[in-house]
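Basis for what follows: all heavy atoms, side chains included, without hydrogens, waters or symmetry-related copies. Note that the coordinates shown come from a computational prediction; the quantities given were computed from them, not determined experimentally.
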Amino acid sequence: MTELFEKYNDKKEFIENRFNELKNRGLNDENLIKALIEKEIKENFIVPKKLKSEMYDKVNYMCRRYMDRIARFELDYDFIPDIDALKYALICAFEAAPVFHSQFIDNHIAPYWKVCDYHIDEVLTLIDTDDFLKSADEFLLQDIPVTSNVQFNVALLINKRESKLCFRWNHMLVDGGDYKHFVSDLFKNYNEYIENKTMPLDFRKGSRSYKCVYDDFNEVDKKKAKSQFAGVSPHDKHTLPFTEKSENDNKFIARKSVPSVVFNKARETVKKYEGTVNDLIATAYIGAVYDICNLPQNERVGISCAVDLRRYIKNINRTGYTNHTTFMPCIVENKGENIFDILKQVVECNKNNKEDKFMGLHGLPLLNIGYSTMVYAQAEIVVGLFYNNANLAISNVGKMDLDALSLDCHKPVGAAVAGAAKKKPCAMMTALTINGNLQLSICSVGNEEDKKMLEKFFDLIEEKIKEMAEY
């Protein structure tokens with residue numbers, strides 16, 4: 001540490017304390033410690049003891065009445081990553097984003113995050129297994145209490161020469177969109193360390209506020225955007241045929257993989273209708289709802305579709321890792337004669353949504369008023385009265401960037417995403433594409449009968465996609 005002491009003589013005590021802190025957290029590469037400390041000094045960055053609870057943090061916490069707040073992700077590899085490099089990259093990421101090692105303090109006046117000490121072994125778990133799926137579910141379905149000192153956990157599952165990386169995190173921290181950014185940054189640092197025994201340490205440290213979505217509007221549009229008080233909702237009461245709630249219900253993940261040969265053909269068909277992958281997924285989901293619920297042909301069905309508000313942020317690197325997702329309604333008035341009648345309505349509905357200059361921003365100002373003008377305990381009650389928790393919803397994480405997710409030149413051979421475990425009758429489906437395959441999942445709280453019903457629902461979704469593929 002002599003070089004740092006000489007270079008930053010007035011920071012001697014900080015350097016010594018920080019060095020010991022990072023060592024105690026499991027960072028054993030002294031050159032990397034020096035690089036991290038010097039970067040913090042140059043940026044005048046000091047890990048705070050306390051962090052503000054942002055609006056989306058509070059909204060997701062309020063939703064604990066509907067779900068377990070945990071988001072989940074899996075990546076499959078045909079090799080075993082370097083464990084030390086993975087540990088070091090995770091520590092450096094956690095140091096840049098201290099909310100990842102914080103407790104949420106449910107203060108009735110103004111909740112906040114209390115930054116905590118941690119050790120890398122509380123973050124990363126190593127598991128030898130001969131059953132990836134079973135071990136993954138055992139890890140992914142665990143809870144993360146808001147009182148835990150770590151809010152983001154990783155498991156490296158190992159079977160001979162193959163591995164699966166499993167991530168689970170408190171959804172109050174980040175959504176699927178920023179998870180992809182975070183993991184891309186994490187792996188970039190891992191790869192640089194493998195190659196050069198150093199890291200760029202370029203993790204995002206900016207604001208986590210929802211208000212970042214307004215920053216790039218001109219003054220006229222910014223004023224209009226901040227005046228979109230009326231929320232939008234499909235106002236749909238349909239539910240999938242779950243069993244009644246029971247104290248014996250448990251969390252589970254229902255999964256489905258639609259092969260690329262089917263999915264890609266369906267995509268080409270949907271393009272002819274000027275539709276997107278999101279339109280394809282929504283069409284198949286709605287079509288399957290009609291079938292599994294035995295709905296009349298002329299019945300109106302509406303679902304909620306996730307919208308990534310980062311579309312309004314020109315430079316995402318100036319923000320921190322956070323939530324910037326909202327929902328827009330997708331409504332069809334009837335089933336029609338075939339799947340293409342549903343597709344036409346979905347494409348038209350989503351096209352109309354996209355023509356709205358402020359798509360996805362509706363209702364945010366009202367949420368902000370609720371949380372900023374009342375003490376938190378009151379705000380949670382009032383906001384909860386008006387908050388719409390859709391029974392039917394989809395969130396498409398999108399196409400996986402295999403290069404961004406590569407570890408030591410090994411691209412992932414598989415991936416899956418699962419959202420929070422929602423209580424019945426919510427059926428929130430998450431989707432992603434990797435290597436041309438469409439991966440679907442629903443994380444729910446129920447029994448074996450409910451799981452079989454959701455697996456049947458997925459089979460119906462695949463049938464609808466095949467119908468589009470065979471056009």
Side-chain angles (χ1 to χ4, degrees), residues 56 71-76 165-167 169 171 173-188 204 213 253 255-260 262-271 274-286 303-317 319 321-328 330 343 346-347 349-351 353-354 359-360 393-406 411-420 428-443 458 461-462 465 468:
Y56 271 125
R72 302 154 169 100
F73 209 96
E74 307 166 52
L75 290 166
D76 301 314
L165 269 173
C166 296
F167 301 83
W169 67 94
H171 210 318
L173 305 183
V174 296
D175 54 19
D178 253 353
Y179 162 82
K180 287 201 299 182
H181 286 286
F182 171 76
V183 169
S184 176
D185 293 341
L186 180 73
F187 289 2
K188 177 183 175 183
R204 286 160 42 195
V213 298
I253 303 173
R255 296 175 172 87
K256 182 72 175 181
S257 179
V258 179
S260 59
V262 174
F263 180 57
N264 289 333
K265 285 182 180 178
R267 286 176 60 190
E268 292 305 311
T269 301
V270 170
K271 283 181 184 177
E274 299 183 351
T276 64
V277 170
N278 285 338
D279 296 327
L280 185 161
I281 294 170
T283 298
Y285 185 102
I286 292 171
I303 66 173
S304 289
C305 299
V307 177
D308 190 342
L309 299 182
R310 291 169 192 80
R311 66 180 60 232
Y312 297 110
I313 303 174
K314 292 180 181 178
N315 180 12
I316 198 67
N317 289 324
T319 69
Y321 304 111
T322 189
N323 286 277
H324 281 303
T325 299
T326 188
F327 288 85
M328 290 294 290
C330 179
L343 174 62
V346 168
V347 170
C349 181
N350 286 338
K351 181 181 177 182
N353 285 338
K354 291 173 186 174
M359 181 182 75
I394 58 175
S395 176
N396 179 23
V397 176
K399 183 179 179 181
M400 295 296 98
D401 184 340
L402 299 185
D403 290 330
L405 297 175
S406 294
K411 295 181 180 180
V413 295
V417 58
M428 171 75 177
M429 185 178 81
T430 49
L432 63 77
T433 55
I434 182 167
N435 297 320
N437 302 307
L438 176 65
Q439 305 295 136
L440 306 173
S441 75
I442 294 177
C443 193
F458 281 146
I461 288 175
E462 184 175 26
I465 295 174
M468 288 182 270

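Not counting sequence neighbours, H324 has no partner by the side chain to side chain donor-acceptor pair (under 3.5 Å) test. Residues forming a side chain to side chain donor-acceptor pair (under 3.5 Å) with T326 (at least two apart in sequence, or on another chain): none. Listed by chain and residue number, T325, F327, S395 satisfy the side chain to side chain contact (heavy atoms under 4.5 Å, CB included) test with A306 (two or more places apart in sequence, or in another chain). With sequence neighbours left out, K351 forms a salt bridge (charged side-chain N to carboxylate O under 4.0 Å, His left out) with no residue at all. Under the side chain to side chain contact (heavy atoms under 4.5 Å, CB included) criterion, S257 pairs with N437, Q439, not counting sequence neighbours. For T269, the side chain to side chain donor-acceptor pair (under 3.5 Å) criterion is met by no residue, not counting sequence neighbours. E268 meets the salt bridge (charged side-chain N to carboxylate O under 4.0 Å, His left out) test with K271; sequence neighbours excluded. With sequence neighbours left out, N353 forms a side chain to side chain contact (heavy atoms under 4.5 Å, CB included) with M328, C349, N350, M359. In terms of the salt bridge (charged side-chain N to carboxylate O under 4.0 Å, His left out) criterion, residue partners of K188 (sequence neighbours excluded) are, by chain and number, D202. Listed by chain and number, the residues in a salt bridge (charged side-chain N to carboxylate O under 4.0 Å, His left out) with D175 are R310 (sequence neighbours excluded). The side chain to side chain donor-acceptor pair (under 3.5 Å) test applied to T433 returns no partner, not counting sequence neighbours. Under the side chain to side chain contact (heavy atoms under 4.5 Å, CB included) criterion, N396 pairs with V277, N278, I281, A431, sequence neighbours left out.
Remark: side-chain polar atoms of D279 are not paired, donor with acceptor, to backbone N or O of L343 under 3.5 angstrom.
Aromatic ring pairs are classed by plane angle as parallel below 30°, tilted from 30° to 60° and perpendicular above 60°; the pair F187 and F167 is tilted.
A pairwise comparison of heavy atoms in F458 and M429 identifies CE2-SD, 3.7 Å as the closest pair. Nearest heavy-atom pair, Y56 versus L309, reported as atom, atom and distance to 0.1 Å: OH-CD1, 3.9 Å. Contact record, L405 with P412: O-CD, 3.6 Å, taken as the closest heavy-atom pair.
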